[in-house]
Amino acid sequence: MALNDILGSAVSGLSAAQAGLRAVSNNIANVGVSGYARERVNLSTGVTSGKVNGVVVGEPTRVADRFLEATVYRRAGDYGRAEVSANYLDRLQALLGEPGADSGLPARLDAIAASAVAMTGSQSSEQTVASFTADVQDAISSMQQLDNDVAGLRGDVESEVGYTVDKINSLLKRIHELNGTVAQATGLGRSVSGAADQRMKAVEELSTLVAVNVREQPDGRITLDTASGGVLLDRRLRQLSYPISGQGVSLPSYPSIEIRFADNNGTMGAATGEKLDSAAVGGKLGGLLDLRDRALPQFSEKLGVLFGGLSEALNAVSNEGTTVPAPASLDGRNTGLTGTDRLGFIGAATFAVTKADGTLVAKTVIDFGAMPAGATVDDMVAAINAGLGGNAIASFADGKLSFSATGAGNGVVVAQDSANPSARAGVGVSQYFGLNDVIRSDNSTLVPSGFTETDGHGFTTGQTTEIVLRDASGRALTSYTLSPTTGGSVGDLVDDLNASPLSNFGNFSLDDRGRLRFEPTASLSGAVLSIPSDSTDRAGTGRNFTQLTGLTGASSGLGSSEVRPDVLTSPSRLPLARFQENAAVGAKALGAGDTRGATAFVDKLSSTIDLGKDGVTTIERFSSLLLGRTGLEANQAQGNLADAAARRDDAVNRRDSFSGVNIDEELAQMVVLQNSYSAAARVISTATEMYDTLLGMMR
């Protein structure tokens, strides 16, 4: 080998050792830095004219395993979703109060039952009656406050959705810029370690916010897809568009998050046609969407069902009773009916007029079963007025029934027939029209409608109801805008819904109480309906499709409910007495001190209530299941968070153990490189001596 070749090989050896030492030095400087992938210098044998000619030093490359990095991304997404779910469910559980706390909803419901029992033991005490009505109002106020708190919590979630979308957009832009840097360096044959490390950290942070699939490209770029296959990033930047970002308001429904093309500055352009609209997107954003669209609305709906059951139970007892003396008039709530609507009652009820001392002035028994087929509400009103001979007047207008005594000092009573009680939709005539309710609500009928498929729906052409179906993850499967036609029947509405896209996922039907039910297919267990908007108005009564069909818990009327003010201010107005249905005119039909209604309240609160799709159960059991389920979900969320954190940490440790810096290995490599450097230097020294010897021989 020529001396020049020897010197060339030795010099290349020095260069290789120096490059290796620079890489080792850089690695040692970054020891312990999470996400840093150590560098390794690529060396190859130099060949010139078919002869070995030293070492060729290449650019340093990252020591990384893309499969381990992909695992970190997946685990980061699981952790992001688990963390946000655990935090918000813990806040929801805190709103319910500590188990056994006096301020908690269970304690307030228990107080109602205890007060009812107290009324039976101290029959002449107005204080116990006042305590009962106060406890009822306290429970309603507690449910209203809880409902408002959950709405506020949902608003907080919505705010965080907006902030998360903004953060995702900034990370996508950052990764896009780093993609360009890596691709340029790759094309020039330079090291991409620094830019690639920064890009990996950005992708890891992004994967915490939204689940992504990462694919490496030949030019060094990476492309990002969502879990459902939507493209987030390729050679062209994309950004997420959310119309109400950061507003933080609780709404019936929210717009989808669109994926749009964007220029390098992040300015959005045309939509790609892909959307992020459910928890399936994964990561923190998926957890937020699940909370916003499923978990929190579901709790609010169940809370509405609980209130509906409580109000139906208490109003059932109050409408079977009366006060002594009887009230001069009874004014019902808005039922959404018109005077020409089918009456639809079975059984019988007594409408009576009494004096202040309880003496019966007049009465008439309305046998609904004996009335002509197709009898209307107006027919019932006419029968009441005819039977009482002017001693009282019944009227029906704007969906409300009123019943008033005409004589000074007289009062009116509506009593169920003990042997054959009246009923429509499972409730008596007084309760159906709300004549003597103890709980009232301005925006709910508080009882099922009792409609059949042949009844006219009462809506007009141009009125609409938007219905959205979501799966158990909160993803909107489909939606439909119901548009009734003037003159149609309730059955037409059911047929319309069963012919809509909603029918691909379940079936609609009317139950025996006139409530509209949706039964999802077996593969969609947990799917729920929501009604974001409803412009319908039945026959000008102000009652809409949502309120009359009971399709969702949003129709419960909790927000505007209260104990009847006159009952709260005057305990003697609580209807605890019972009418003596066999009393003759001129005889006592009501007696002072009659508080049989107190026992009826106790019995009713412990009996089962038909809650529709939520089954037949007691108020106590349903509230326990509701609150217990919330606590269980919060506990499970904490467990999921601990598991997700452990899996994420394990994935990070595995990645870093492969690509991270081991100080002992680097120091050992440094010794090897120093020896290599010394060896190359000795070769140069030897070659130099040989040159000197040859030159000396020439002198």
Side-chain angles (χ1 to χ4, degrees), residues 73 76-77 80 157-187 192 195-196 198-249 251 253-289 292-293 466 468 474-479 481 532:
Y73 301 151
V157 171
E158 169 58 20
S159 292
E160 200 158 353
V161 168
Y163 303 149
T164 302
V165 167
D166 292 341
K167 183 62 175 178
I168 290 172
N169 284 338
S170 65
L171 287 170
L172 286 174
K173 185 178 177 182
R174 175 64 174 159
I175 295 169
H176 178 69
E177 293 171 350
L178 291 170
N179 257 352
T181 302
V182 171
Q184 183 180 23
T186 300
V192 300
Q198 294 179 47
R199 186 177 64 182
M200 184 195 69
K201 292 178 182 178
V203 173
E204 183 178 348
E205 185 177 359
L206 177 67
S207 64
T208 304
L209 304 178
V210 59
V212 294
N213 294 320
V214 182
R215 292 180 295 170
E216 296 185 359
Q217 303 301 311
D219 63 352
R221 296 175 182 268
I222 59 172
T223 62
L224 302 176
D225 300 332
T226 65
S228 58
V231 179
L232 285 176
L233 181 69
D234 49 19
R235 297 185 68 88
R236 188 173 179 182
L237 176 63
R238 290 166 177 79
Q239 296 278 269
L240 304 184
S241 174
Y242 190 45
I244 59 174
S245 178
Q247 291 187 9
V249 292
L251 300 175
S253 66
Y254 297 88
S256 298
I257 302 171
E258 290 186 331
I259 302 177
R260 290 181 172 271
F261 291 112
D263 60 23
N264 290 337
N265 294 323
T267 304
M268 297 186 198
T272 66
E274 298 167 333
K275 298 179 179 180
L276 306 181
D277 58 359
S278 76
V281 302
K284 179 180 180 180
L285 182 60
L288 291 170
L289 294 181
R292 188 195 69 182
D293 297 334
E466 182 186 359
V468 178
R475 179 171 62 96
L477 298 172
T478 187
S479 64
T481 300

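Just so you know, these numbers use all the heavy atoms, side chains as well, and skip hydrogens, waters and symmetry mates. In this text, all values refer to a predicted model and were calculated from it rather than measured experimentally.
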| message | How close do V210 and V281 get, counting heavy atoms only, and between which atoms? | response | CG2-O, 3.5 Å
| message | Testing the basics here: between A262 and R236, what is the closest heavy-atom pair and its distance to 0.1 Å? | response | O-CG, 4.5 Å
| said: So, applying side-chain contact (heavy atoms from CB on, under 4.5 Å) with L224, which one of N179, I175, V231 is it? | reply: I175
| query | Rounded to the nearest 0.5 Å, how far does CG of N264 lie from CD of E177? | reply | 8.0 Å
| Which heavy atom in A280 sits nearest to a heavy atom in A227, and how many Å separate them? | O-CB, 3.7 Å
| query | Is the shortest heavy-atom distance from the side chain of I257 to the side chain of L285 under 4.5 Å? | reply | yes
| request: For Q184, look at atom CD and say whether over 12 heavy atoms of other residues, nucleotides or ligands are found less than 6.0 Å away. | output: no
| query | Which heavy-atom pair separates L178 from Q198 by the least distance, and what is that distance? | reply | CD1-C, 3.7 Å
| field | Residues L172, R238; criterion side-chain contact (heavy atoms from CB on, under 4.5 Å); working and verdict | value | CA-CA 7 Å; L172 286 174; R238 290 166 177 79; 5.5 Å; no
| To the nearest 0.5 Å, what is the distance between OG (S256) and CD (E274)? | 13.0 Å
| field | N265 side-chain N/O to T267 backbone N/O, donor-acceptor pair under 3.5 Å | value | no
| said: If I compare all heavy atoms of I168 with all of L240, which pair ends up nearest, and what's the gap? | reply: CG2-CD1, 3.6 Å
| Inter-residue atom distance L206.CG - R174.CZ, 0.5 Å rounding | 13.5 Å
| note | Of all heavy-atom pairs linking V212 and S207, the shortest is CG2-CB, 3.9 Å
| query | Got a second to check how far L232's CG is from L237's CG, nearest 0.5 Å? | reply | 10.0 Å
| task | First locate atom NE2 of H176, then atom CZ of R199, and finally report the distance between them rounded to the nearest 0.5 Å. | result | 12.5 Å
| said: I need the L233 CG to K173 NZ distance, nearest 0.5 Å. | reply: 13.5 Å
| message | Are the side chains of M268 and N169 in contact, using a 4.5 Å heavy-atom criterion? | response | yes
